[in-house]
Amino acid sequence: MYILAPSLLAADFNILGEQIRETERAGAQYLHIDVMVGIFVPSISFGMPLIRSIRETSGQFFDVHLMIMHPQRHIKEFAACGADGITFHLEAAENVQELIRQIHGCGLKAGISIKPGTPMEEIFSYLPFVDMVLVMSVEPGAGGQSFMPEAFERIRALRSYIDAHALSVKIEVDGGVGKKNVRQIIDAGADIFVAGSAVFKKRSISDNISQFMEAFKEKEGIR
Ligand code: DX5
Ligand code: ZN
């Protein structure tokens, strides 16, 4: 089953609760929450208080993407404010195994993310221990960028490794994902699709999401 994870970064914060509920009603099972504090990436987004308050609005899986240094310092707090899964960056982690243990110890799913320029092989040894890999298909730090076509090959390589080793880790793709490329990304081997602009911009949220759902159904039918 394919999963859509709308990225909050592209939402209209004036009517955030309403927009989140609309994504949930339209079938998005995850909510992707990008945390940036101006160090690992230049931008600043939001953190615990926001997550805590939207937790009351939504029953979705809160998929927290930490684009921060020293992620180990904040795992407990993110767990306490309502995260269901925490993904950290390989490039920002001091002790990957310890971090995975810490996240699992809080009862959450653990994800590891990799920037476009980091060789994919660097995460292979961690795959038996994580629940998902977040493949960045743009440089992390901002919404609205274009999908980097090199990501297709990276997703395929990851899929082959996971299948060859009979692992159950999910592949999530983040950055520039939209209705135009979602089928191709599915074909490359992804399971979870982060989409900010493609969910919250242009047409209504429910229209946007129904296009993803159509693609998912079509591909699930031929799996
Ligand atoms: C980028 C973030 C993404 C971003 C995706 O650093 O990790 O989650 O919000 O936005 P779009 O879908 O607009 O590329
Ligand atoms: Zn993200």
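No experiment lies behind these values; they were computed from the predicted model shown. Whatever order the structure lists them in is the order used to number ligands and atoms, beginning at 1.
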Open item on the list: Is any side-chain heavy atom of Asp187 closer than 4.5 Å to one of Lys219?
Closed with: yes
Open item on the list: Any non-hydrogen side-chain atom of Ile51 less than 4.5 Å from a side-chain atom of Phe62?
Closed with: yes
Task: Over all atoms of both residues, closest heavy-atom pair of Ala195 and Val177 - done: CB-O, 3.8 Å
Task: Heavy-atom closest contact (Ile114 atom, Arg154 atom, distance) - done: CG1-NH2, 3.6 Å
Protein residue, atom and distance nearest to [atom], heavy-atom basis:
atom	result
atom 13 (O) of ligand 1	Ser197 OG, 2.4 Å
atom 1 (C) of ligand 1	Ala142 O, 3.5 Å
atom 14 (O) of ligand 1	Gly176 N, 2.8 Å
atom 12 (O) of ligand 1	Gly196 N, 2.7 Å
atom 3 (C) of ligand 1	Asp174 OD1, 2.9 Å

Out of the N/O/S atoms in [X], what is the name of the one closest to the Zn ion (ligand 2)?
X	result
Asp34	OD1
His65	ND1
Asp174	OD2

Cut-off 3.5 Å, side chains only: do [X] and [Y] have a donor facing an acceptor?
X	Y	value
His32	Asp34	yes
Ser7	Asp174	no
Gln72	Glu98	no

Task: From CD1 (Ile186) to CD (Glu220), nearest 0.5 Å - done: 8.0 Å
Open item on the list: Whether Lys217 engages the ring of Phe212 as a cation-pi pair (distance to the six-membered ring centre under 6.0 angstrom, angle to the ring normal within 45°) should be assessed.
Closed with: no
Under 4.0 Å to a heavy atom of [X] - the qualifying atoms of ligand 1, by number:
X	answer
Met136	7 (O)
Gly143	4 (C), 10 (O), 13 (O)
Val194	8 (O)
His65	7 (O)
Leu9	9 (O)
His32	8 (O)
Pro140	6 (O)

- [ ] Would you please classify the geometry between the Phe124 ring and the Tyr161 ring as parallel, tilted or perpendicular, with 30° and 60° separating the classes?
- [x] parallel
Task: Geometric class of the Phe61/Tyr30 ring pair [parallel <30°, tilted 30-60°, perpendicular >60°] - done: parallel
Task: Asp163 with Arg159: basic N within carboxylate O range, under 4.0 Å - done: yes
TODO: Consider ligand 1: state whether an atom of it lies below 4.0 angstrom from any non-hydrogen atom of Lys201.
DONE: no
- [ ] Give a yes/no on ligand 1: does Gly175 have at least one heavy atom closer than 4.0 angstrom to it?
- [x] yes
Does ligand 1 come near enough to [X] that some N or O of the ligand is less than 3.5 Å from an N or O of the residue?
X	value
Gly141	yes
Ser7	yes
Ala195	no

- [ ] Please name the residue in the list Lys201, Glu22, Lys179 that meets the side-chain hydrogen bond (donor to acceptor under 3.5 Å, both in side chains) test with Asn208.
- [x] Lys179
- [ ] Please work out whether any backbone atom (N, CA, C, O) or any side-chain heavy atom from C-beta onward of Ala198 is under 4.0 Å from ligand 1, and answer side chain, backbone, both or neither.
- [x] neither
Open item on the list: Can you tell me which portion of Met67 lies within the under-4.0 Å heavy-atom range of ligand 1? Options are side chain, backbone, both, or neither.
Closed with: side chain
